[in-house]
Every structure is written in structure tokens, then in C-alpha cells.
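Working notes, beginning with the structure itself.
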Amino acid sequence: MRLTTPTKLVILAFGIGAGYGFDIIDLTGLPSGTVYPILRRLERAGLVTSKWEPARIARQQQRPPRRYYHLSGAGATLLREVARDNPQLAAALRGPAIDPSPAHA
């Protein structure tokens, strides 16, 4: 998989707790037309898994259901590598410092 700068930013967003698409959009500043195709590619590559939240939760909160994304073991390894090799990108994200430890990912 090619790791473009936007792809690296999406991966790094998982390191600071992003769980669904709008989280990643907010943290990275990337448009939805960039983020969602990256998430699909990461999922096809086995780096990310996803699961829709129960519809009742979304109804209770009066919003559409969210699709939550989680790093796989390989995705967590990639996160650590990207964070280590791209500290300037990690610093560019809006949020607390990235913890690339396996327990966090």
C-alpha cells in the first residue's frame, strides 16, 4: 500500500483516539472525499476493521449511525512506524500527543 501524506495522517489519527470518519476529518483537516476512500483502502489491506454501531444508539442521540474503525494488529504496527518516522505529521494533528504503544492502538 502506498503511504501518501493523507494516508499517514489518517493512520496517525487512530493514535489519538479517532474512532469514526468525522473524528478523523476533524483531527486531520482532510475532506471526507479523501478520508473515506483511505479508510476503505486500509480496510481492504487488513490494517483497519470496521463495525456499524447499533441503530438504537444513533436513534437515541438523534443522528445517523456511525461506522467505527479500529486498527488491526498490523495497523497498530504501521501506526507506530508512521509516528516514529513522521514526527512532524504527528505534531500537525489537532489533539494530544500520539502514544504509539501497542496498548493504545
Side-chain angles (χ1 to χ4, degrees):
M1 161 174 273
R2 183 169 171 238
L3 291 181
T4 63
T5 298
T7 300
K8 291 175 186 177
L9 286 169
V10 168
I11 292 166
L12 289 167
F14 283 102
I16 54 176
Y20 56 95
F22 284 128
D23 275 349
I24 295 168
I25 290 166
D26 287 343
L27 288 168
T28 65
L30 296 170
S32 63
T34 299
V35 169
Y36 289 106
I38 289 170
L39 288 170
R40 284 191 296 273
R41 284 192 299 273
L42 292 172
E43 192 164 18
R44 279 194 310 267
L47 300 168
V48 170
T49 60
S50 68
K51 182 178 178 183
W52 286 99
E53 76 177 336
R56 67 176 173 71
I57 293 173
R59 278 194 305 274
Q60 288 171 347
Q61 296 181 10
Q62 299 180 351
R63 58 169 172 73
R66 293 176 177 158
R67 187 173 190 164
Y68 284 92
Y69 296 87
H70 303 278
L71 291 175
S72 67
T77 298
L78 181 60
L79 167 63
R80 289 188 297 276
E81 292 170 4
V82 170
R84 180 194 66 223
D85 296 343
N86 299 275
Q88 71 288 357
L89 287 180
L93 291 179
R94 294 182 282 256
I98 291 177
D99 176 5
S101 66
H104 183 72

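All heavy atoms count here, side chains included; hydrogens, waters and symmetry mates do not.
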Between [atom1] of [X] and [atom2] of [Y], what distance do you get to the nearest 0.5 Å?
X	Y	atom1	atom2	result
L79	L12	CG	CG	6.5 Å
T4	I38	OG1	CD1	5.0 Å
L42	F14	CG	CZ	7.0 Å
T34	I24	OG1	CD1	12.5 Å
K51	R66	NZ	CZ	16.0 Å
L71	T77	CG	OG1	9.5 Å

List the atom of [X], the atom of [Y], and the distance in Å for their closest heavy-atom pair.
X	Y	result
A58	E53	CB-OE2, 3.7 Å
V10	L30	CG2-CD1, 4.0 Å
L3	K8	O-CE, 3.4 Å
P65	W52	O-CZ3, 3.4 Å
A13	T28	CB-CG2, 4.1 Å
Y68	Y20	CE2-CD2, 3.5 Å

So does Q88 have more than 12 non-hydrogen atoms from other groups sitting under 6.0 Å from CD?
yes

Test side chain to side chain contact (heavy atoms under 4.5 Å, CB included) applied to R63 and I57, step by step
CA-CA 9 Å; R63 58 169 172 73; I57 293 173; 4.1 Å; yes

Hey, are the side chains of L39 and S50 touching, using non-hydrogen atoms and a 4.5 Å cut-off?
no

Backbone of G46 reached by a side-chain donor or acceptor of S72 within 3.5 Å
yes

